[in-house]
Each structure stands twice: as C-alpha cells, then as structure tokens.
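See below for the structure under consideration.
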There are 2 protein chains.
Amino acid sequence: MRDAGEKNVTASAGRNELPARARRKRAGNGAARPDDADEVGLDALVGHAGYAVRRFQIWIFQDFVRTLAAVDIRPTQYSVMTVIGANPGLSQMAVAKRLGIERARLVHLLDSLERRKLVKRIKSKTDRRSHALHLTAQGELSLTKFKQLAAEHERHVEEKIGKANRERLLQILAGFT
Amino acid sequence: MRDAGEKNVTASAGRNELPARARRKRAGNGAARPDDADEVGLDALVGHAGYAVRRFQIWIFQDFVRTLAAVDIRPTQYSVMTVIGANPGLSQMAVAKRLGIERARLVHLLDSLERRKLVKRIKSKTDRRSHALHLTAQGELSLTKFKQLAAEHERHVEEKIGKANRERLLQILAGFT
DNA sequence: AGCAATTGTTGTCGTCAACAACAATCTTTG
DNA sequence: CAAAGATTGTTGTTGACGACAACAATTGCT
C-alpha cells in the first residue's frame with residue numbers, strides 16, 4: 001500500500017511474472033520490470049550516506065588489494081606497518097587504539113608480519129608487559145615499496161571520483177582519522 | 001580517559017622507551033614517543049581516502065545498529081527489505097546483484113527475514129527455479145518504522161559531519177549506488 | 001603489602017566477502 | 001527435439017574482521 005510511485009496494480013513483478021525474455025527496457029509499459037539488471041529502484045537507500053559509503057568502501061578495498069596483490073599486503077597490514085614505521089617503539093596497545101582495531105586482532109596481524117620478517121616485537125625494558133614494535137630493515141625497505149603502490153591505488157581513486165572530490169572527501173572525513 | 005597533557009603519571013600507555021611523556025611533539029629528536037593516546041602520527045595514512053572512509057563506515061555502521069537496535073535490524077537487512085518493498089516480485093538473484101551482495105549470503109538473510117514474517121518467498125510460475133520476493137503485510141508495516149529510525153540515524157550523520165557535507169558526500173559517491 | 005588496572009594472548013561468536021559444488025530448471029543450438 | 005550450456009537457489013568452506021570474555025604476567029595505586 002505504500003509503494004508509491006510506480007504502478008502497483010498487480011504488483012510489478014519484477015521479473016518473475018513475465019516471460020523472461022521480453023527484455024527490452026521501457027517498452028511502453030512504463031513501469032519497471034527489473035529483472036536482469038540495474039533498473040531496480042533503491043528507494044530510500046539513495047538518501048542514505050551509509051549505503052553509498054559502504055559501496056565505495058568495498059570498491060576501495062578491492063582496488064587496494066588488487067593494486068598491492070604483488071606484495072600481498074592488505075589495508076590493515078599496511079596501516080599497521082605505516083604507523084609503526086612512523087612511531088618506532090610503540091606498544092601493541094597504542095597501535096591498536098590509534099587504528100581502532102582490537103588488540104586481540106592485532107596479535108594475529110603482528111604474528112603474520114613478524115613471520116614475514118617485516119616487523120619485530122622487542123620486549124620493553126621499562127614495562128615487561130609490553131612490546132616495543134619496530135620495522136625490520138627489510139620491513140622499512142618493503143614499506144617504501146608498499147607506499148608507492150598505495151599511492152598508485154590512490155590515483156585510481158582520483159580517476160574514479162575526481163581529484164577535487166577526493167580532496168573534499170578527505171576534508172569531510174578528516175575528523176574520523 | 002581523556003587526558004590533558006599535563007601529568008604523565010597516569011600514563012597509560014606507554015611507550016616503551018622513555019618515561020612516558022617527556023615532551024610533546026617537538027622535532028628535535030625527530031620521533032616522538034607517543035603513548036597515551038592520539039599523538040601517534042598516521043604518516044601516509046592521512047592522505048588515503050580508504051582509511052578515512054573505513055573509519056567513517058565503522059562509525060556509521062555502529063550508529064545505524066544502535067539506532068535500529070529496538071527493532072533489531074542491521075544495515076544489510078534494511079537494504080534488502082527496502083529494495084524488495086520498492087520492487088515487489090524481484091528474484092533473489094536480482095536483489096543480490098543490485099545490492100552487491102553474494103547470492104549465497106542473501107539466502108541466509110532471507111531465511112532470517114522470512115522466519116520473522118517480514119518477507120516471503122513465492123515460487124515463480126514462469127521460472128520454477130526462482131522465487132518472487134515480497135514483503136508480508138507486517139513487513140510493509142515494519143519497514144515504515146525502520147525507515148523512520150533510519151532517517152533518525154541519518155540525522156545523526158548530519159550532526160556528525162554537517163548537513164552540507166553529508167549532501168556533498170552523497171553527491172560525490174552517487175556513482176557507487 | 002594488597003588490590004585494581006593494564007598488556008599481550010588465546011579463544012569464541014557472529015558478520016561478511018569470495019568461492020566451489022550441486023540439483024533443479026531454463027536457454028540455446030546443433 | 002535432444003544434448004550441451006547457463007542460471008537460480010542452496011549448502012558449505014575459507015579467511016578477514018569486530019566484539020567479547022577470560023587469563024597470566026606485570027604495573028600502578030593506596
């Protein structure tokens with residue numbers, strides 16, 4: 001009863017009531033019979049920032065993974081190494097807090113990076129509970145390469161939404177970093 | 001848990017090499033010994049749209065879940081019901097494609113929504129492989145309520161980043177919907 | 001000294017994306 | 001028309017991820 005705009009006579013079935021292959025779009029019948037593709041209306045979703053952000057985030061994530069596939073580094077791993085590289089000696093707790101990830105999860109991330117000889121945990125002298133995190137020599141070298149590839153990924157983003165829009169986006173969301 | 005920056009006794013964190021906060025940022029020694037909280041530099045991350053978007057997405061997700069907690073509806077469930085409500089009779093494949101979710105995952109989502117009597121799968125007459133998806137009467141009623149709460153969530157977003165910025169965001173990311 | 005808090009660790013639960021495999025059911029084509 | 005190919009819904013697996021809970025070792029606080 002509230003379908004709104006389209007015709008809701010017998011319900012526009014979308015795709016299951018008609019002979020599937022009347023596939024030409026808009027044939028006089030006006031109402032959409034979305035079946036194969038993208039004529040499906042999103043209704044209220046178009047006004048939700050969360051939906052757009054989620055789709056965008058998925059796209060970005062996939063492009064990042066693809067662009068850095070050769071070095072087998074994912075966004076989270078990249079963020080961890082970047083922060084450690086910029087703040088040597090940080091504790092796991094500090095890294096976790098700064099990046100907003102569970103410390104429990106960071107444990108596994110570091111296990112992996114340490115196995116790959118990119119990061120090392122050094123027992124702290126002043127606080128025997130914590131570890132001082134550092135990049136290995138190879139880790140620093142690798143990170144340079146990672147940053148180059150990440151910059152390439154960032155260019156993909158620019159191509160996708162436009163240089164100016166990317167800038168605005170960063171500006172709008174600066175408070176969340 | 002906030003902090004101020006005057007005493008280092010509370011010192012939560014710590015870093016691992018120095019007695020907590022010897023100084024603030026300063027450049028003399030180059031690297032800071034961030035420990036407590038947010039003086040940890042993000043380095044290259046600040047220039048990555050993906051990082052900001054991820055953090056924002058997490059915030060949005062949490063606010064949505066919290067705002068719709070009373071009706072126990074999550075973003076994906078909301079998107080599925082909204083699309084079905086706007087396009088009655090759609091097949092599972094069509095919904096999955098439109099929302100960019102795996103059809104395998106949609107199966108479970110619909111199982112749940114169907115158990116809650118919000119959605120129903122009707123066997124199609126014209127294609128016995130597919131199901132025509134519809135909202136139940138209760139589903140339509142509930143969706144109205146969900147949309148009200150989702151609108152409230154959207155207002156939270158406005159309060160967080162500003163009305164104009166939200167508009168701008170939707171505009172920039174319109175291509176991903 | 002004694003108790004509360006922190007740090008790293010391990011483990012569980014539920015969500016989510018990406019695949020793979022399958023049966024039933026179209027669609028295409030030889 | 002019949003065989004081959006493609007789709008649809010399902011089930012199951014893998015691995016990343018966020019949220020929690022519990023624990024031992026170690027600090028900090030009183």
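Everything quoted here is computed from the prediction, not taken from an experiment. We name chains A, B, ... by the order of the sequence lines, and we start the count at 1 in each one.
The distance between atom NZ of A:Lys97 and atom C1' of C:dA5, rounded to the nearest whole Å, is 11 Å. The separation between A:Trp59 atom CH2 and C:dA17 atom P is 18 Å, rounded to whole Å. Straight-line distance from the CD1 atom of B:Ile58 to the C1' atom of C:dC16: 13 Å, rounded to whole Å. Separating the CD atom of A:Gln77 from the P atom of D:dA16 is a distance of 8 Å, rounded to the nearest angstrom. If you measure from atom CG of B:Leu99 to atom P of C:dA17, you get 11 Å, rounded to the nearest angstrom. Distance CD (B:Glu102) to P (D:dG12): 17 Å, rounded to an integer number of Å. Atom pair B:Ile101:CD1 and C:dT15:P shows a separation of 14 Å (rounding to whole Å applied). The distance from atom CZ of B:Phe64 to atom P of C:dT15 is 15 Å, rounded to the nearest whole Å.
The side chain of A:Asp127 lies closest to D:dT26, out of D:dC17, D:dT26, C:dA17. In the set C:dG8, D:dG18, D:dG9, D:dG9 carries the atom at the smallest distance from any side-chain atom of B:Ser130. Closest contact between the side chain of A:Arg103 and the listed nucleotides D:dT8, C:dT9, C:dA17 involves C:dT9.
Using a 4.0 Å cut-off between a side-chain N of Lys or Arg and a carboxylate O of Asp or Glu, A:Asp63 and A:Lys160 do not qualify as a salt bridge. Between A:Arg121 and A:Glu114, at least one side-chain nitrogen of the basic residue sits less than 4.0 Å from a carboxylate oxygen of the acidic one, meeting the salt-bridge criterion.
Side-chain to base pairing of A:Arg129 with C:dT6: one donor and one acceptor N or O lie within less than 3.5 Å of each other.
Taking for each of A:Met93 and B:Phe61 the nucleotide of DNA chain C with the nearest heavy atom, the 5'-most of the two is the partner of A:Met93. Comparing B:Gln62 and A:Arg74, the nucleotide of DNA chain D nearest to each residue sits closer to the 5' end for A:Arg74. If you find the closest nucleotide of DNA chain D to A:Arg128 and to A:Thr76, the one lying nearer the 5' end belongs to A:Thr76.
Within residues 104-121 of chain B, the residues that have a heavy atom under 4.0 Å from DNA chain C are, in order of number, B:Ala104, B:Arg105.
Cluster partners of A:Val107 are absent, since no Ile, Leu, Val, Met, Phe, Trp or Tyr has side-chain heavy atoms less than 4.5 Å from it.
Put simply, the side chain of A:Ser142 does not reach to within 4.5 Å of the side chain of A:Lys145, judged on heavy atoms.
Here the side chain of A:Arg55 pairs a donor or acceptor atom with the backbone of B:Leu99 at under 3.5 angstrom. The backbone N or O of B:Lys117 lies less than 3.5 Å from a partner atom in the side chain of B:Thr136, making a donor-acceptor pair. Side chain of A:Glu140 to backbone of A:Gly85: no donor-acceptor contact under 3.5 angstrom is found.
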